[in-house]
2 protein chains.
Amino acid sequence: MIRLSKLTDYAIVVLSEMARQVGAVHTVAHLADRTGVPAPTVAKLMKAMTPAGLTTSQRGAAGGYALSRPADAISIAEIITALDGPIALTACVDGADSQCGVEQLCPMRGGWEKVNRAIRNALEEVTLADMMAPITFPAPAAATTSTAAQPARPAH
Amino acid sequence: MIRLSKLTDYAIVVLSEMARQVGAVHTVAHLADRTGVPAPTVAKLMKAMTPAGLTTSQRGAAGGYALSRPADAISIAEIITALDGPIALTACVDGADSQCGVEQLCPMRGGWEKVNRAIRNALEEVTLADMMAPITFPAPAAATTSTAAQPARPAH
DNA sequence: TTCAATCAGGACTAAATTGGTCCTGTATTC
DNA sequence: GAATACAGGACCAATTTAGTCCTGATTGAA
């Protein structure tokens with residue numbers, strides 16, 4: 001099947017957690033705690049999110065990460081692109097134009113481009129806010145201690 | 001990135017070859033020859049295509065495989081589904097309803113379903129004929145001998 | 001000024017997936 | 001009955017991905 005990498009899945013969980021308080025600064029340890037995603041993995045995710053402009057980072061003692069925009073201004077496409085590179089179904093049609101010498105002859109190209117565009121559009125229309133919508137109401141208070149305890153299998 | 005499996009890529013090449021003569025019977029060896037895809041791999045592909053109803057098979061001495069429909073009646077979605085299973089971005093939303101116990105609580109579900117549907121639609125709208133369109137005119141005669149010689153890197 | 005907290009940026013290992021091969025059996029035709 | 005081809009697995013190898021760890025740079029507070 002067309003598989004989303006597990007890291008992307010985690011990223012959405014972690015970013016959702018951050019989205020509960022836009023502007024607030026979250027440390028890696030804190031996010032790991034709240035989401036159940038292992039700390040080194042959270043760190044890895046954030047190192048991809050920040051250069052992509054989805055989060056901002058602050059070093060030092062009171063540092064951490066913060067969402068750079070509200071959740072409804074962050075598309076799933078951006079998250080996937082930050083982690084996995086350009087959204088494309090085949091390797092040869094991946095943004096860089098001329099890796100494949102036979103590109104202009106390649107009979108498949110036109111068809112894949114159509115598919116890729118459609119998929120890209122679909123992913124751009126779904127925002128982080130869409131993904132977390134149903135959980136908004138009971139979460140902030142309850143989560144503070146209780147969800148930290150239960151490992152909270154990220155995706156599914 | 002969201003990756004199409006290489007097998008799917010090969011499948012499209014092989015099916016395109018078959019589509020040049022709908023109804024004709026092609027042996028695995030023949031298809032391997034014409035496309036450059038290794039014979040055992042072609043065999044593996046066909047073993048997935050036939051149960052999925054995309055091709056028909058005929059055993060025995062004059063046997064082989066044939067496309068069961070013209071190329072413009074075969075969608076890319078069908079090919080992907082035959083090889084890789086249902087088209088879905090996450091494992092938990094893959095057709096079987098209840099692998100994930102928290103499904104009804106799962107806050108992500110709604111969002112992914114939207115994405116999956118969009119992708120599925122996109123793939124259903126592109127047919128095998130779309131993928132091979134540009135090569136239709138010069139192919140049949142020229143290909144008979146010359147393309148068999150050059151290994152013909154499948155996709156790209 | 002020094003120390004502790006925290007991100008930055010890699011290198012590296014282990015596990016899972018995928019690609020590819022091969023073998024044995026069954027159907028069909030000549 | 002012999003040759004041809006598909007059917008259906010089991011299996012191994014290679015690639016990719018997930019996950020960990022280490023060293024350094026930056027910041028804020030004691």
Side-chain angles (χ1 to χ4, degrees), chain A residues 1-11 13-14 18 24-33 35-52 54-68 80 82-85 89-91 94 151 153-155, chain B residues 1-11 13-14 18 24-33 35-68 80 82-85 90-91 94 151 153-155:
Chain A
M1 90 211 95
I2 303 181
R3 223 184 58 252
L4 193 67
S5 83
K6 211 187 282 184
L7 278 200
T8 308
D9 207 8
Y10 290 162
V13 173
V14 171
M18 295 176 75
V25 173
H26 307 260
T27 66
V28 166
H30 177 234
L31 289 170
D33 236 42
T35 59
V37 178
T41 300
V42 173
K44 190 176 199 172
L45 288 173
M46 289 329 217
K47 283 174 211 168
M49 297 294 113
T50 304
L54 298 179
T55 56
T56 56
S57 67
Q58 177 66 35
R59 288 186 173 188
Y65 293 96
L67 271 197
S68 57
I80 294 177
L83 283 170
D84 300 329
L89 281 185
T90 46
D94 69 352
R153 304 266 283 84
Chain B
M1 89 210 97
I2 303 180
R3 224 183 58 250
L4 192 67
S5 81
K6 211 188 284 184
L7 278 201
T8 307
D9 207 9
Y10 290 162
V13 173
V14 171
M18 294 176 75
V25 173
H26 307 260
T27 67
V28 165
H30 177 231
L31 289 169
D33 236 43
T35 59
V37 178
T41 300
V42 173
K44 189 175 201 173
L45 288 173
M46 289 326 217
K47 282 175 212 169
M49 297 295 114
T50 303
L54 298 179
T55 55
T56 56
S57 67
Q58 177 65 36
R59 288 186 172 189
Y65 293 96
L67 271 197
S68 58
I80 294 176
L83 283 170
D84 300 328
T90 46
D94 68 353
R153 300 266 284 85

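Lettering of chains follows the sequences in order, A, B, ..., and the numbering in each one begins at 1. Quick caveat, the model's predicted, so the values are computed rather than measured.
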*asked:* Side-chain N or O of B/T27 versus OP1/OP2 of D/dT4: is the shortest distance under 4.0 Å?
replied: no
*Out of C/dG20, C/dC7, D/dA18, which nucleotide sits closest to the side chain of B/T41?*
C/dG20
_Please give me the minimum heavy-atom distance between B/M46 and B/L31, naming the atom from each residue._
CE-CD1, 3.7 Å
*Could you tell me the separation between the NZ atom of A/K44 and the CG atom of A/L83, rounded to the nearest 0.5 Å?*
10.0 Å
*Which part of the nucleic acid does B/H30 contact within heavy-atom distance under 4.0 Å: base, sugar-phosphate only, or nothing?*
nothing
_Nearest to side-chain heavy atoms of B/P40, which nucleotide of C/dT29, C/dT21, D/dG19_ = C/dT21
*Do the side-chain N or O atoms of A/T50 get closer than 4.0 angstrom to the phosphate oxygens (OP1, OP2) of C/dC7?*
no
*Main-chain N/O of B/L54 paired with B/S68 side-chain donor or acceptor, under 3.5 Å*: yes
*Looking at the side chain of B/K44, which of C/dT21, D/dG19, C/dG20 is the nearest nucleotide?*
C/dG20
*asked:* Check the phosphate of C/dG20 against B/Y10, side-chain N and O only, distance under 4.0 Å to OP1 or OP2. Yes or no?
replied: yes
_Polar side-chain atom of B/T35 near backbone of B/V14 as donor-acceptor pair, under 3.5 Å_ = no
*When only distance counts, do a donor and an acceptor, one from the side chain of A/K47 and one from the base of C/dG9, lie under 3.5 Å apart?*
yes
*Rounded interatomic separation in angstrom, taking CG from B/L7 and C1' from D/dT15*: 13 Å
*Measure from CG on B/L83 to C1' on C/dT18 and round the result to the nearest Å.*
12 Å
*Whole-Å distance between D/dT16 P and A/D84 CG?*
14 Å
*State which of D/dC6, C/dA8, C/dT29 makes the closest approach to the side chain of B/Q58.*
C/dT29
*Where each residue is assigned the nucleotide of DNA chain C containing its nearest heavy atom, which of B/R59 and A/G60 is assigned the position nearer the 5′ end?*
A/G60
*If you pin A/G63 and B/M46 to their nearest nucleotides in DNA chain D, which one's is more 5'?*
B/M46
*How long is the line joining CG of B/L45 and P of D/dG8, in whole Å?*
15 Å
*asked:* By nearest atom, which of the nucleotides C/dA8, C/dG19, D/dC6 is closest to the B/V28 side chain?
replied: D/dC6
_Can you confirm whether A/M49 sits close enough to A/Y65 that some side-chain heavy atom of one is under 4.5 Å from a side-chain heavy atom of the other?_
no
*Would you indicate which nucleotide in C/dC7, D/dG19, C/dG20 comes nearest to any side-chain atom of A/K6?*
D/dG19
